[in-house]
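The structure displayed is predicted, hence computed values, not measured ones.
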Amino acid sequence: QGQLVEAGGGLVQAGGSLRLSCAASGSIFRINYMGWDRQAPGKQGELVARITKGGSTNYADSVKGRFTISSSNAKNTAYLKMHSLKPEDTAFYLCTAESLSTARLTTVGWGQGTQVTVSS
């Protein structure tokens, strides 16, 4: 079955930047969208960003103007460029993708997650 492999998390000081990536593999016919959610202790899970196969994007209000999501359809890979990071961005970031499998079943999957920690 399909897999989502994430990379790019780490520790950065406030105002810095990080780039996350998420690569999908497996029995994929088409990816409908990819993106990231984030989770932090004691906080509600939050949709961070999404990008569709057609290239349309949406972002949480809290990251608009600072984060940019992009993708390579040929590589089934999404990228999240995060700039002007704030301590409030500290969270466990989980890549997600909705895809149509080669069996023509629509599924939503999740990556293993990556920690982003922003120091003040």
Side-chain angles (χ1 to χ4, degrees):
Q1 283 295 326
Q3 296 183 79
L4 295 171
V5 179
E6 303 181 54
L11 175 65
V12 65
Q13 69 182 88
S17 300
L18 286 173
R19 184 191 189 220
L20 307 184
S21 65
C22 180
S25 63
S27 56
I28 299 168
F29 177 76
R30 183 188 69 224
I31 291 178
N32 296 327
Y33 69 74
M34 297 186 73
W36 277 264
D37 289 4
R38 63 188 182 187
Q39 301 173 339
K43 295 183 179 180
Q44 186 177 5
E46 180 180 35
L47 183 156
V48 177
R50 294 283 188 273
I51 184 166
T52 70
K53 180 176 177 61
S56 63
T57 60
N58 68 287
Y59 301 91
D61 289 342
S62 58
V63 308
K64 285 181 180 177
R66 300 187 297 116
F67 291 12
T68 302
I69 190 168
S70 61
S71 66
S72 168
N73 289 335
K75 297 179 179 179
N76 287 335
T77 300
Y79 307 91
L80 186 67
K81 295 179 179 180
M82 305 184 293
H83 301 291
S84 300
L85 283 161
K86 304 174 180 179
E88 306 95 277
D89 296 316
T90 295
F92 192 64
Y93 284 69
L94 288 158
C95 177
T96 186
E98 181 183 283
S99 63
L100 187 68
S101 73
T102 54
R104 303 298 193 271
L105 299 176
T106 300
T107 59
V108 176
W110 298 90
Q112 82 278 10
T114 187
Q115 178 68 34
V116 171
T117 302
V118 184
S119 62
S120 60

Can you find a heavy atom in the side chain of R38 that is under 4.5 Å from one in the side chain of V63?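 When only atoms from C-beta onward are counted, V63 and R38 do touch, with a gap below 4.5 Å.
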Tell me whether [X] shares a hydrophobic cluster with [Y], the cluster being built from Ile, Leu, Val, Met, Phe, Trp, Tyr side chains joined at under 4.5 Å.
X   : Y    : answer
Y79 : V116 : no
L4  : L105 : no
I28 : M34  : yes
L80 : L18  : yes

Spacing of [X] atom [atom1] and [Y] atom [atom2] [to the nearest 0.5 Å]:
X    : Y   : atom1 : atom2 : answer
Q115 : Y93 : CD    : OH    : 9.0 Å
W110 : C22 : CH2   : SG    : 10.5 Å
T57  : F67 : OG1   : CZ    : 14.0 Å
Q3   : S27 : CD    : OG    : 10.5 Å
Y33  : T52 : OH    : OG1   : 11.5 Å
Q112 : F92 : CD    : CZ    : 7.0 Å

What heavy-atom pair brings P87 and A14 nearest, and what distance separates the two atoms?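 Taking P87 first and A14 second, the nearest heavy atoms are CD-CB, 4.1 Å.
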Can any side-chain N or O of R50 pair as donor or acceptor with the backbone N or O of W36 at less than 3.5 Å?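 Yes.
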Test item: T90 side-chain N/O and V118 main-chain N/O as donor-acceptor pair under 3.5 Å: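 Yes; judged by distance alone, with no hydrogens or angles, the pair exists.
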Please name the residue in the list T106, T107, I31 that meets the side-chain contact (heavy atoms from CB on, under 4.5 Å) test with L100.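 For L100, the side-chain contact (heavy atoms from CB on, under 4.5 Å) check succeeds only for T106.
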Identify the residue among I51, V48, N58 that makes a side-chain contact (heavy atoms from CB on, under 4.5 Å) with I69.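 In the set I51, V48, N58, the residue that makes a side-chain contact (heavy atoms from CB on, under 4.5 Å) with I69 is I51.
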Quick check on Q13: does its CD atom have over 12 non-hydrogen neighbours (other residues, nucleotides or ligands) under 6.0 Å away?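 For Q13, atom CD is not crowded (no more than 12 foreign heavy atoms under 6.0 Å).
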For a side chain to side chain contact (heavy atoms under 4.5 Å, CB included) check, start with the C-alpha distance between N73 and K53, then their side-chain angles and the critical distance, and finish with the verdict. CA-CA 7 Å; N73 289 335; K53 180 176 177 61; 4.1 Å; yes
Test T68 against Y59 for side chain to side chain contact (heavy atoms under 4.5 Å, CB included), laying out the working first. CA-CA 8 Å; T68 302; Y59 301 91; 3.9 Å; yes
Under the side chain to side chain donor-acceptor pair (under 3.5 Å) rule, what do S62 and E88 come out as? Steps first, then yes or no, please. CA-CA 9 Å; S62 58; E88 306 95 277; over 6 Å; no
In plain terms, say whether K64 and D61 are close enough for a salt bridge, that is, a side-chain N and a carboxylate O under 4.0 Å apart.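 A salt bridge is present here (some side-chain N lies under 4.0 Å from a carboxylate O).
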